[in-house]
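Have a look at the structure below, then the notes.
All heavy atoms count here, side chains included; hydrogens, waters and symmetry mates do not. In what follows, chains carry the letters A, B, and so on, assigned in the order in which the sequence lines appear, proteins first and then strands, with residues in each chain numbered from 1.
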There are 2 protein chains.
Amino acid sequence: MTASQTTDLLRQHGLRPTRQRIALASLLFDGHPRHVTAESLKEQVKASGIKLSLATIYNTLHQFTAAGLLKEIKGISDVTWFDTNINSHHHFLDTSNNHLIDIPASSITITNLPKTPAGKVINGVEVIVRLTDG
Amino acid sequence: MTASQTTDLLRQHGLRPTRQRIALASLLFDGHPRHVTAESLKEQVKASGIKLSLATIYNTLHQFTAAGLLKEIKGISDVTWFDTNINSHHHFLDTSNNHLIDIPASSITITNLPKTPAGKVINGVEVIVRLTDG
DNA sequence: TATTTTATTTAAAACCATTCTAATCTACTT
DNA sequence: AAGTAGATTAGAATGGTTTTAAATAAAATA
Ligand SMILES: [Mn+2]
Ligand SMILES: [Mn+2]
Ligand SMILES: [Zn+2]
Ligand SMILES: [Zn+2]
């Protein structure tokens, strides 16, 4: 993607094409799917000779997410949960009150799973069904 | 569960039946399934008039987990991930290197899902397939 | 273009869940 | 009862993330 295409993309999403956003957008939206953390992106940025603050990386990742350019992988929440149900099962996560409700393992079927990468083995499957009010 | 049954349970799992562990075990293993965080458990403990430190709650939750009495709900990891793939899809999480690999949404089927609680609506489904070496 | 307005960036501090440290205390063994 | 290994604790440290507030840059206006 050229610099001017990146600029257009940002403008189309209501974001000023600053030097920092252009740098991050051109790293992120190169056509290949990517999964990044703020730290991993900071390292890529550093490797490419650009200097920008970690706060800007966080700001930008959240702005790109709000604009629909990225999706945050949410997981269960930012605190560690412990479960007295030690059998394999899954969860509803009620985001209105942060409560978990069990879903029996038998409710979920995995079909056509891509083959696991060579030398790897499946260690567990965790399904989170997110609930909101309404 | 009586105090002596709780004591037995702890001993059976190689844990000394201390006052603190007995208190936490009797709150946790009352026969009803529970999902707790260190903070939520601290509040229950406090409400029941027992005094013990947050460090002990963390220690005990991890010891109970190591003993197989609890299961930790792991989520994706302790850092926030952002994904350039904004379509609905799922992930392998390779725990040996903390890398994510996409799994198409079509690979996962949900069947016999318990009915969503009244007034709630499903907002998203996230599946994490955990991989280890071997 | 020069000026003004508004949004953005940044370093540093704050935040918050969790872990660590090291001193004290307790359960078990002899 | 004494000794020892293990457990608890307050408080400090850690690490990812957010906030603050001052400096800078982009857009709008003249
Ligand atoms: Mn966030
Ligand atoms: Mn843990
Ligand atoms: Zn559960
Ligand atoms: Zn993905």
Side-chain angles (χ1 to χ4, degrees), chain A residues 3-4 6-27 35-46 50-67 69-70 72-82 98 100, chain B residues 3-4 6-28 35-46 49-67 69-70 72-82 98 100:
Chain A
S4 117
T6 304
T7 292
D8 290 350
L9 178 75
L10 292 171
R11 274 204 234 276
Q12 280 157 25
H13 288 84
L15 296 167
R16 289 188 181 180
T18 64
R19 187 168 44 79
Q20 292 85 345
R21 286 180 183 148
I22 291 167
L24 293 174
S26 60
L27 284 175
H35 301 97
V36 301
T37 64
E39 276 300 329
S40 79
L41 189 53
K42 193 178 93 176
E43 278 166 36
Q44 277 185 67
V45 160
K46 198 169 154 194
I50 302 155
K51 181 178 157 295
L52 78 191
S53 77
L54 185 58
T56 296
I57 293 178
Y58 276 105
N59 289 343
T60 304
L61 287 171
H62 286 134
Q63 290 154 353
F64 285 4
T65 300
L69 291 165
L70 290 176
E72 187 176 335
I73 303 178
K74 290 228 168 63
I76 210 129
S77 66
D78 47 359
V79 294
T80 304
W81 285 93
F82 293 88
N98 236 53
L100 293 172
Chain B
S4 116
T6 305
T7 293
D8 289 350
L9 179 74
L10 292 171
R11 274 204 236 276
Q12 280 158 22
H13 289 84
L15 295 168
R16 290 189 178 178
T18 64
R19 187 167 44 80
Q20 291 85 346
R21 285 180 184 150
I22 291 167
L24 293 175
S26 59
L27 284 175
L28 288 168
H35 300 97
V36 301
T37 64
E39 276 301 327
S40 78
L41 189 53
K42 192 178 92 175
E43 278 165 37
Q44 276 185 68
V45 161
K46 199 169 152 192
I50 302 155
K51 182 179 157 296
L52 77 190
S53 76
L54 185 57
T56 296
I57 293 179
Y58 275 105
N59 289 342
T60 304
L61 287 171
H62 286 133
Q63 290 155 354
F64 285 4
T65 301
L69 291 166
L70 291 176
E72 187 176 337
I73 304 178
K74 290 229 167 63
I76 209 127
S77 66
D78 47 359
V79 294
T80 305
W81 284 95
F82 294 87
N98 238 50
L100 293 171

Original post:
So do the side chains of L15(B) and F64(B) get within less than 4.5 Å of each other, counting heavy atoms only?
Top reply: yes

Original post:
Counting just side-chain N and O atoms, does Y58(B) come under 4.0 Å of either OP1 or OP2 of dT18(C)?
Top reply: yes

**OP:** Could you pick out which residue, G14(B) or D78(B), lies toward the 5' side of DNA chain D when each is mapped onto its nearest nucleotide?
**Re:** G14(B)

**OP:** Measure from CD1 on I57(A) to P on dA11(C) and round the result to the nearest Å.
**Re:** 11 Å

Subject >> Pairwise 5' ranking along DNA chain C for T18(B) and A38(B), keeping only the more 5' one >> reply: A38(B)

Original post:
Between F64(B) (CZ) and dA7(D) (C1'), how many Å, whole number?
Top reply: 13 Å

**OP:** Please state whether the phosphate of dT18(C), meaning OP1 or OP2, lies under 4.0 angstrom from any side-chain nitrogen or oxygen of T80(A).
**Re:** yes

Subject >> Side chain R21(A), main chain T60(A), donor-acceptor under 3.5 Å >> reply: no

**OP:** With DNA chain D as reference, determine whether A55(B) or W81(B) sits nearer its 5' end, using the nearest nucleotide of each.
**Re:** A55(B)

Original post:
Pick the nucleotide of DNA chain C nearest each of K51(A) and R16(B); which residue has the one closer to the 5' end?
Top reply: K51(A)

Original post:
Any side-chain N or O of T56(A) under 4.0 Å from OP1/OP2 of dT8(C)?
Top reply: no

Original post:
For the pair made of CD in Q63(B) and C1' in dT19(C), what is the distance, rounded to whole Å?
Top reply: 14 Å

Original post:
Atom CG of L15(B) to atom C1' of dG6(D): distance rounded to whole Å?
Top reply: 11 Å

**OP:** Please state how far atom CG in L54(A) lies from atom P in dG16(D), giving the value in whole angstrom units.
**Re:** 10 Å

**OP:** Would you tell me if any nitrogen or oxygen in the side chain of Q20(B) comes within less than 4.0 Å of OP1 or OP2 on dT9(D)?
**Re:** yes

Original post:
Which of the following nucleotides, dA17(C), dT10(C), dA7(D), is nearest to the side chain of S53(A)?
Top reply: dT10(C)

**OP:** Ignoring backbone atoms, test whether R19(B) places a side-chain nitrogen or oxygen under 4.0 Å from the OP1 or OP2 oxygen of dT26(C).
**Re:** no

**OP:** Starting at OG1 of T56(A), measure out to CG of L61(A) and round the result to the nearest 0.5 Å.
**Re:** 10.5 Å

Original post:
Would you say a side-chain N or O of H62(B) is under 4.0 Å from OP1 or OP2 of dT18(C)?
Top reply: no

**OP:** Rounded to the nearest angstrom, tell me the gap between atom CG in L52(B) and atom C1' in dT26(C).
**Re:** 15 Å

**OP:** Assert yes or no for the condition that the ring centre distance of F82(A) to H62(B) is strictly below 6.0 Å.
**Re:** yes

Original post:
Any side-chain N or O of R11(A) under 4.0 Å from OP1/OP2 of dA27(D)?
Top reply: yes

**OP:** Indicate the atoms forming the closest heavy-atom contact of V45(A) with L52(A), along with that distance.
**Re:** CG1-CD2, 3.0 Å

Original post:
CD of E39(A) versus P of dT14(D): gap in Å, rounded?
Top reply: 16 Å

Subject >> E72(B) CD to dA17(C) P, straight-line distance once rounded to whole Å >> reply: 16 Å

